[in-house]
Protein chains: 2
Amino acid sequence: MHVMRENWDDLRAVLFMVRHGSLAAAATALDVNYTTVARRIAQAEESYGVLLFERLPQGYVATDAGLLAACEAEKMEDAETGFRRALAKADTRLSGPFSITAPQLLIAAHLCHVIEEFLGKHPEVELTVRASNALLNLNRREADLAIRISESPGDTLVGRRLTGQQTASFASAEVATRIETAPEATIDWIGFTYWTKPPKASLENYPNARIKMQFDDMSAVLGATQAGLGVARMPMFLGRSAGLTQVPVLPPQPYTDIWAVAHRDIWASAKVTAFKECLLPYFKAHAAEFMA
Amino acid sequence: MHVMRENWDDLRAVLFMVRHGSLAAAATALDVNYTTVARRIAQAEESYGVLLFERLPQGYVATDAGLLAACEAEKMEDAETGFRRALAKADTRLSGPFSITAPQLLIAAHLCHVIEEFLGKHPEVELTVRASNALLNLNRREADLAIRISESPGDTLVGRRLTGQQTASFASAEVATRIETAPEATIDWIGFTYWTKPPKASLENYPNARIKMQFDDMSAVLGATQAGLGVARMPMFLGRSAGLTQVPVLPPQPYTDIWAVAHRDIWASAKVTAFKECLLPYFKAHAAEFMA
DNA sequence: CTCATGACATGCATTTTTGCATACTATGTC
DNA sequence: GACATAGTATGCAAAAATGCATGTCATGAG
């Protein structure tokens, strides 16, 4: 009956291979050496007697059977994370591992204070903060709680709106003064990815404007603005917390809300609840910094 | 993120522990040493930070978390066997592993001929025959095809009725002659488990009867009957193939049908189809041996 | 009470798995 | 065409998992 050696973990390797595309990437995600991934895949193939990947010059390409294996392995992963969630839900202790994710700049500007308060109240909690703009998969439990800039929690998650937001134009004090003094001079915009021209709403009062430079990262935009290189559009909270001066070039614009979201099963768990007890009052108290 | 070492196989150990009740039994089923099962469980507990089993003097007893883990692991197992089935279904070759299960005595009396024919036609197939009265779990893919004595394929399986059956009373030639000669003498019955008296229908014509001995195994009943120890009720095919003489003590009685059953996904696969092509003609040709 | 049995724990030697260093092959850049 | 890069293969030594032998503890039979 059980000639086959255990191979659930081999299927996991197949899943990660399909998901990440190369041995190296899969290995990184699995936190093992890529050699191991190759061998696990080979084992799985032997165990099932099927070729799961074709070894082409450009790398491993999944066969139909390989895709099917990954599909079923994904179900296995769902069950496994389901178990993890059930444990997290049942865990009423305010201690042990707890992970949150949020955009870097929001952490730097505000959440760091919430985190400090939370850890002060609950020193037993081993908090992991994943500062990332990437949308981590909460279903897969890449984090317990996410603070996201989005319109809604999304289909499969539950959440709570923390605050509304606006964007506005900011510049260094020096640049701000210059603009005030000589409003007719050319406005140098610091753009974010895919901007090709200055925002329309700004052209009414300051038609003499151009995109001076562009970045794909908001930290870079922020740095350039602080260095006095020009005017940038950014969330109100960011400009303010960075010590920039709001300039009237672009009037405040509505922007995406900030939400705290979690998986349905986790939302009411002890540690998430405790974190929310720090989070909500903080945002209530600081709501003014997010809007004009 | 992935501090946890891979642990899907550890969950499998938990599942088997819950299913089989002791380290030794789980280990046997997993085909590993029981020490390994204990260590896997310990690893899983560490990895999830939860006690899955309580170590009581009478052995491991699953905690709520342990039962939950087993439940989720069962879902993982379902996904895994689902993949195996998909492979089997897609496998159009008439070669490689193929397993069937059937009651021992039916194999000995008839199926051995079907098997011989099948292997003659398809010598590349590596056939495993699991002769067992236990109902193997075809969902879990303990066998690809089962020949069963039952009323219907069951909820989750599909199948085909091979033949009806009757039981009757059989005895050795010598005993049969004695009964014919002296019908009024005491009839010694050889009973099967839980029989407490001779079958009612036999008492009308042969009221002078008693249960002489009882077995819990039909092979034993058969042996005792062949040894001339008495009369036994058994499936018609069995008495006939064993060279026993049918005696009129108990007239033929309706008995459970014989079915070939398989998982829905496997039923139409190449090897199952090929086997059925031997099986159905055989039962058509030998139908008379199962009924009066 | 003794003995046999079943269930588990543990130390140690062995086998297996893993990681590392190195080699190989395509692709694309200058 | 030299060179850097991405992706994979492989031999070998280190690390980890496994099996085995032995020991403990409770239970039940005689």
Side-chain angles (χ1 to χ4, degrees), chain A residues 1-48 50-63 65-67 69-70 73 80, chain B residues 1-63 65-67 69-70 73 76 80:
Chain A
M1 180 57 196
H2 286 284
V3 179
M4 56 203 184
R5 88 133 101 338
E6 319 223 343
N7 40 26
W8 287 13
D9 280 332
D10 294 345
L11 278 178
R12 199 161 116 99
V14 172
L15 172 62
F16 275 65
M17 182 71 202
V18 168
R19 217 176 244 165
H20 293 93
S22 79
L23 288 182
T28 305
L30 284 166
D31 194 25
V32 295
N33 190 285
Y34 72 93
T35 318
T36 302
V37 178
R39 287 191 274 233
R40 291 274 181 81
I41 289 171
Q43 271 188 176
E45 287 179 329
E46 176 155 11
S47 151
Y48 291 107
V50 183
L51 194 73
L52 299 173
F53 296 89
E54 297 203 66
R55 276 73 168 171
L56 302 184
Q58 66 269 32
Y60 279 41
V61 178
T63 63
L67 293 174
E80 204 261 356
Chain B
M1 180 57 200
H2 286 287
V3 179
M4 57 206 187
R5 84 135 101 342
E6 318 224 346
N7 40 26
W8 286 14
D9 280 333
D10 294 346
L11 279 178
R12 199 163 118 98
V14 171
L15 172 62
F16 274 65
M17 182 70 203
V18 169
R19 216 176 245 165
H20 293 94
S22 79
L23 288 181
T28 306
L30 284 166
D31 195 25
V32 296
N33 190 287
Y34 74 94
T35 317
T36 302
V37 178
R39 288 190 273 233
R40 292 273 181 82
I41 290 171
Q43 271 188 177
E45 289 179 329
E46 176 154 12
S47 151
Y48 292 106
V50 184
L51 194 73
L52 298 173
F53 295 90
E54 298 204 66
R55 276 72 168 172
L56 300 184
Q58 67 269 32
Y60 279 39
V61 178
T63 62
L67 293 174
M76 296 174 73
E80 204 261 356

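So that the names make sense, note that chain A is the first sequence line, chain B the second, and so on, each numbered from 1.
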Exercise. Between atom CH2 of B/Trp8 and atom CE of B/Met76, what is the distance when rounded to the nearest 0.5 Å?
Worked result: 5.0 Å

Let me know the distance between [atom1] of [X] and [atom2] of [N], rounded to the nearest Å.
| X | N | atom1 | atom2 | answer |
| --- | --- | --- | --- | --- |
| A/Asp31 | C/dT17 | CG | C1' | 16 Å |
| A/Glu46 | C/dT17 | CD | C1' | 15 Å |
| B/His20 | C/dC8 | NE2 | P | 14 Å |
| B/Leu23 | C/dT10 | CG | P | 12 Å |
| B/Asp9 | C/dT17 | CG | P | 11 Å |
| B/Leu30 | D/dT18 | CG | P | 11 Å |
| B/Gln43 | C/dT17 | CD | P | 15 Å |
| A/Leu56 | C/dT25 | CG | P | 16 Å |

Exercise. Who passes side-chain hydrogen bond (donor to acceptor under 3.5 Å, both in side chains) against A/Thr35, sequence neighbours left out?
Worked result: A/Asn33

For this session: List in chain and number order the residues that pass side-chain hydrogen bond (donor to acceptor under 3.5 Å, both in side chains) with B/Tyr34, two or more places apart in sequence or in another chain; answer none if no residue qualifies.
Result: none

If the cut-off is 4.0 Å, is [X] near the phosphate of [N], judged by side-chain N/O to OP1 or OP2?
| X | N | answer |
| --- | --- | --- |
| B/Ser22 | C/dG6 | no |
| A/Asn33 | C/dT18 | no |
| B/Thr35 | D/dG19 | no |
| B/Arg39 | D/dA16 | no |

For this session: Step through the shown structure and confirm whether more than 12 heavy atoms of other residues, nucleotides or ligands are within 6.0 Å of CD on B/Glu46.
Result: no

Exercise. Backbone N or O of A/Val61 within a donor-acceptor pair of the A/Glu54 side chain at under 3.5 Å?
Worked result: no

Problem set entry | Residue A/Tyr60, side-chain atoms from C-beta onward, closest of D/dA17, C/dT17, D/dT8 | D/dT8

For this session: Kindly indicate whether the side chain of A/Leu23, heavy atoms from C-beta on, has any atom under 4.5 Å from the side chain of A/Ile41.
Result: yes

Problem set entry | Minimum side-chain heavy-atom gap A/Glu80-B/Asn7 below 4.5 Å | yes

Seminar exercise, completed: In 5'-to-3' order, the base (B), backbone-only (S) or no-contact (-) status of each nucleotide in nucleotides 23-28 of chain D, using a 4.0 angstrom heavy-atom cut-off, is ---S--

